[in-house]
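Just so you know, these numbers use all the heavy atoms, side chains as well, and skip hydrogens, waters and symmetry mates. Below, chain A is the first sequence line, B the second, and so on; all start at residue 1.
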Amino acid sequence: MGDRISFDSSVWDAVSRIPHGRLATYGQIADLIGAYGCARQVGWALRRLPLPSNVPWHRVVNAQGRISMSLSREGSDWIQRELLLAEGVPVDEEGRLPLKERLWRPDAMSGS
DNA sequence: TTAATGACGACGC
DNA sequence: AGCGTCGCCATTA
């Protein structure tokens, strides 16, 4: 049984903790689940997420403060932009957004 | 099995 | 700011 399944679950769980209106980077999620340096894998895990989903996958962007636009996403990148705009996060046509101001700082004292 | 491909990231210029 | 390069590593061909 794949480690893939548990890895994906870990990613989805971590992403589910991102508060409404805030953002996290792929690398940040990787760190959070103890997979330092595996940012790309986080991207793959989100790619496997069946849509629509309750997991707020749209709150994960790249470290450059942009939505990772790619033809291979077949439109999910633009859906991501719409979902972010819908919850008050400004995103320009190039996918740029205010990462600095909206970066999620996980609080050890929250949850559980 | 080897080669190419990414929803990435850090650097250099 | 923008772009190219390289390191990264699971997935896919």
Side-chain angles (χ1 to χ4, degrees):
Chain A
M1 309 192 344
D3 286 328
R4 226 177 55 176
I5 303 303
S6 65
F7 180 84
D8 287 2
S9 297
S10 297
V11 170
W12 301 342
D13 285 347
V15 171
S16 293
R17 294 205 293 278
I18 306 173
H20 180 282
R22 319 254 353 239
L23 305 167
T25 67
Y26 296 95
Q28 185 180 359
I29 297 300
D31 289 349
L32 222 51
I33 65 175
Y36 179 78
C38 297
R40 302 190 90 140
Q41 263 195 103
V42 171
W44 285 109
L46 293 183
R47 165 74 185 74
R48 288 181 212 105
L49 190 62
L51 300 181
S53 170
N54 326 358
V55 178
W57 55 275
H58 57 285
R59 295 176 189 152
V60 184
V61 300
N62 63 39
Q64 301 172 48
R66 313 185 61 180
I67 287 177
S68 288
M69 309 295 256
S70 172
L71 297 174
S72 66
R73 292 184 61 177
E74 301 178 345
S76 72
D77 42 4
W78 290 98
I79 292 176
Q80 178 170 15
R81 179 168 182 271
E82 291 308 310
L83 290 174
L84 287 173
L85 289 173
E87 57 179 60
V89 178
V91 190
D92 69 18
E93 287 294 323
E94 301 282 316
R96 285 183 276 258
L97 32 81
L99 178 61
K100 282 298 188 183
E101 300 116 30
R102 291 181 177 264
L103 184 63
W104 171 44
R105 271 103 184 165
D107 186 333
M109 289 290 101
S110 72
S112 146

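- Atom CZ of A:R96 sits in a crowded spot, with more than 12 heavy atoms from other residues, nucleotides or ligands closer than 6.0 Å.
- Note that CZ of A:R22 and CZ of A:R17 are 14.5 Å apart. Values are rounded to the nearest 0.5 Å.
- Among the atoms of the strands shown, only primed sugar atoms or phosphate atoms (P, OP1, OP2) are found under 4.0 Å from some heavy atom of A:R96.
- Taking atom OH on A:Y26 and atom P on C:dA10, their separation rounds to 18 Å, with Å as the unit.
- In terms of phosphate contacts, A:T25 brings no side-chain nitrogen or oxygen within less than 4.0 Å of OP1 or OP2 of B:dC8.
- To the nearest 0.5 angstrom, A:L103 atom CG is 7.0 Å from A:T25 atom OG1.
- Separating the CD atom of A:Q64 from the P atom of B:dG12 is a distance of 16 Å, rounded to the nearest angstrom.
- The phosphate of C:dT11 (OP1 or OP2) has a side-chain N or O of A:R48 nearer than 4.0 angstrom.
- Residue A:A39 places its side chain closer to B:dC8 than to any other of B:dC8, B:dA7, C:dC9.
- Remark: P of B:dG9 and CZ of A:R40 are 10 Å apart, rounded to the nearest angstrom.
- When rounded to the nearest whole Å, the span between CG of A:D31 and P of B:dG9 equals 10 Å.
- Rounded to whole Å, atom P of C:dC9 lies 9 Å from atom CD of A:Q41.
- Nucleotide B:dG6 holds its C1' atom 14 Å from the CG atom of A:D77, rounded to whole Å.
- If you run side-chain contact (heavy atoms from CB on, under 4.5 Å) between A:V15 and each of A:L32, A:V42, A:I29, A:I33, only A:I29 comes through.
- Note on A:G27: only backbone sugar-phosphate atoms sit closer than 4.0 angstrom, heavy atoms only; bases stay farther off.
- If you take CG of A:L71 and P of B:dG6, they are 10 Å apart, rounded to a whole angstrom.
- Each of C:dA10, B:dA7, C:dG7 was ranked by its minimum atom distance to the side chain of A:L46; first place goes to B:dA7.
- Distances shown here put a side-chain N or O of A:S68 below 4.0 Å from the OP1 or OP2 atom of B:dC8.
- Pairing partner, C:dC9: B:dG6, with both Watson-Crick or wobble hydrogen-bond distances short of 3.5 Å.
- Each of A:L85, A:I67, A:L46 was checked for a side-chain contact (heavy atoms from CB on, under 4.5 Å) with A:Q80, and the lone residue meeting it is A:I67.
- The distance between atom CD of A:E82 and atom P of B:dA7, rounded to the nearest whole Å, is 20 Å.
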